[in-house]
J.: 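Sharing a structure below in structure tokens format, with a few things to ask.
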Amino acid sequence: IVKPDGTEKNVIGEVISRFEKKGLRVIALKMVKLTKKNAEGFYVVHKERPFYGDLTDFMSRGPVVVMVLEGDNAISKVREIMGATNPDDAAEGTIRKDYASNIEENTVHGSDSPESADFEINYFFNALEING
């Protein structure tokens, strides 16, 4: 996901390009505007965490770009390209190091496991929208 701060900074194309240049293929893509309720449903796994309210407010403040990427070791590769959640800890040349403002507004989200990827992909896409 390119988060609201990423869409506001006009780095959607740059984010996608970084994934493609590392051998990943976009097989589904769209821009959506999450409501607070949509964001709460997507981040339900974090419901009991203290940052849940701020996170769902942030994710519903503007449009996001959701995508499905395909390729060898896609989950680990995406996470490497994104960089550490906290941009201060992210490696040079990662998306978060280059574009994130802080740990909360960190430009991108990526699934951390096959299970979360399955939930997240199905949250945003139906079978007809995935071209892989």
Side-chain angles (χ1 to χ4, degrees):
I1 299 174
V2 181
K3 295 180 177 181
D5 62 313
T7 62
E8 291 161 5
K9 293 175 185 171
N10 281 331
V11 297
I12 298 165
E14 177 62 28
V15 168
I16 294 169
S17 177
R18 289 185 184 206
F19 293 132
E20 289 179 326
K21 286 177 182 173
K22 295 289 186 173
L24 296 167
R25 191 170 141 246
V26 177
I27 60 169
L29 176 75
K30 63 182 163 183
M31 180 179 276
V32 296
K33 171 69 170 76
L34 300 176
T35 64
K36 174 79 168 170
K37 185 174 174 128
N38 296 145
E40 288 171 347
F42 182 74
Y43 283 108
V44 69
V45 66
H46 297 305
K47 188 173 183 164
E48 302 304 320
R49 308 286 290 273
F51 58 82
Y52 180 71
D54 288 342
L55 174 62
T56 56
D57 285 343
F58 165 61
M59 289 298 290
S60 58
R61 88 171 184 209
V64 299
V65 174
V66 294
M67 67 188 91
V68 180
L69 300 168
E70 179 179 75
D72 292 337
N73 302 308
I75 292 171
S76 59
K77 193 176 282 189
V78 165
R79 297 190 68 75
E80 180 182 327
I81 296 164
M82 290 190 316
T85 303
N86 184 340
D88 293 338
D89 300 332
E92 291 296 327
T94 61
I95 293 168
R96 288 178 172 149
K97 186 66 163 185
D98 293 343
Y99 299 112
S101 301
N102 54 56
I103 195 167
E104 292 177 352
E105 295 191 12
N106 61 12
T107 311
V108 286
H109 166 87
S111 303
D112 62 3
S113 68
E115 295 77 22
S116 66
D118 186 57
F119 170 80
E120 294 172 0
I121 290 167
N122 288 308
Y123 196 84
F124 290 112
F125 296 97
N126 66 51
L128 294 175
E129 297 172 308
I130 300 173
N131 300 287

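All residue numbers in this chain count up from 1 along the given sequence. Because only heavy atoms are used, hydrogens play no part in the values below, and waters and symmetry mates are left out as well, while side chains stay in.
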J.: Looking at V15, V32, L29, which hits side chain to side chain contact (heavy atoms under 4.5 Å, CB included) with V65?
T.: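 Only one of V15, V32, L29 forms a side chain to side chain contact (heavy atoms under 4.5 Å, CB included) with V65, namely L29.
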J.: Is it true that N102 and N106 share a donor-acceptor pair across their side chains at a distance under 3.5 Å?
T.: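 On atom types as modelled, these side chains do not qualify, holding no pair under 3.5 Å.
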J.: Any heavy-atom pair between the side chains of T85 and R96 that's under 4.5 Å?
T.: yes
J.: Is any side-chain heavy atom of V68 closer than 4.5 Å to one of V26?
T.: no
J.: Compare all side-chain heavy atoms of V66 with those of Y123 and state whether any distance is below 4.5 angstrom.
T.: no
J.: Would L24 and I12 show up in the same hydrophobic cluster when neighbours are defined by side-chain heavy atoms closer than 4.5 Å?
T.: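 Yes.
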J.: Looking at every heavy atom in both S101 and P87, which two are closest together, and how far apart are they?
T.: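 Closest approach of S101 to P87: C-CG, 4.4 Å.
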J.: Looking at every heavy atom in both H109 and M82, which two are closest together, and how far apart are they?
T.: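 For H109 and M82, the tightest heavy-atom pair comes out as C-SD, 3.6 Å.
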J.: Answer yes if M59 and F119 sit in the same cluster of Ile, Leu, Val, Met, Phe, Trp and Tyr residues linked by side chain heavy atoms under 4.5 Å apart, and no otherwise.
T.: yes
J.: Just wondering, do L69 and I27 contact through their side chains at under 4.5 Å, heavy atoms?
T.: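 Heavy-atom side-chain distance check fails, nothing below 4.5 Å.
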J.: Yes or no on side chain to side chain donor-acceptor pair (under 3.5 Å) for S111 and E120, after CA distance, side-chain angles and deciding distance?
T.: CA-CA 7 Å; S111 303; E120 294 172 0; 2.5 Å; yes
J.: How far apart are the closest heavy atoms of N126 and L128, and which atoms are they?
T.: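 The pair with the smallest heavy-atom distance is OD1-N, 2.8 Å.
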J.: Under 4.5 Å between side-chain heavy atoms, hopping through other hydrophobics if needed: is there a path connecting F124 to F58?
T.: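 Looking at the clustering, F58 is in the same group as F124.
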J.: Report yes or no: do M31 and V108 belong to one cluster of Ile/Leu/Val/Met/Phe/Trp/Tyr joined by side chain heavy-atom distances under 4.5 Å?
T.: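 Shared cluster, yes.
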J.: Can you tell me how far the CD1 atom of I75 sits from the CD atom of E80, to the nearest 0.5 Å?
T.: 14.0 Å
J.: If hydrophobic clusters are built by linking Ile, Leu, Val, Met, Phe, Trp and Tyr wherever their side-chain heavy atoms come under 4.5 Å apart, do F51 and V64 end up in the same one?
T.: yes
J.: Just wondering, do I1 and M67 contact through their side chains at under 4.5 Å, heavy atoms?
T.: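 A side-chain contact under 4.5 Å is absent here.
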J.: OG1/T94 to CD1/I81 distance, rounded to the nearest 0.5 angstrom?
T.: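 So the OG1 of T94 and the CD1 of I81 are separated by 10.5 Å.
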J.: Any ion pair linking R79 and D112 (charged N to carboxylate O, less than 4.0 Å)?
T.: no
J.: With rounding to the nearest 0.5 angstrom, report the CD1 to CG distance, I103 to D89.
T.: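 One finds 7.5 Å between CD1 of I103 and CG of D89.
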J.: Decide salt bridge (Lys or Arg N to Asp or Glu O under 4.0 Å) for K30 and E129; before the verdict, give the C-alpha distance in whole Å, the side-chain angles of both, and the deciding distance to 0.1 Å.
T.: CA-CA 9 Å; K30 63 182 163 183; E129 297 172 308; 3.1 Å; yes
J.: With rounding to the nearest 0.5 Å, note down the distance linking NZ in K33 to OG1 in T7.
T.: 10.0 Å
J.: Let me see the working for T35 and N38 under side chain to side chain donor-acceptor pair (under 3.5 Å), right down to the final yes or no.
T.: CA-CA 5 Å; T35 64; N38 296 145; 2.9 Å; yes
J.: Drop me the distance from I130's CD1 to F125's CZ, to the nearest 0.5 angstrom.
T.: 7.0 Å
J.: Applying the side-chain hydrogen bond (donor to acceptor under 3.5 Å, both in side chains) test to E105, which of R61, K9, K3 qualifies?
T.: R61
J.: So E40 and Y52, do their side chains get closer than 4.5 Å, heavy atoms only?
T.: yes
J.: D118 side chain to P114 main-chain N or O, any donor-acceptor pair under 3.5 Å?
T.: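 Not at all, since once roles are kept as given, no pair shorter than 3.5 Å links the two residues.
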J.: In plain terms, say whether R18 and D98 are close enough for a salt bridge, that is, a side-chain N and a carboxylate O under 4.0 Å apart.
T.: yes
J.: In the structure I gave you, are the side-chain heavy atoms of E14 and Y99 within less than 4.5 Å of one another anywhere?
T.: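 Contact flag for E14/Y99 side chains = yes.
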J.: I need the F42 CZ to S60 OG distance, nearest 0.5 Å.
T.: 13.0 Å
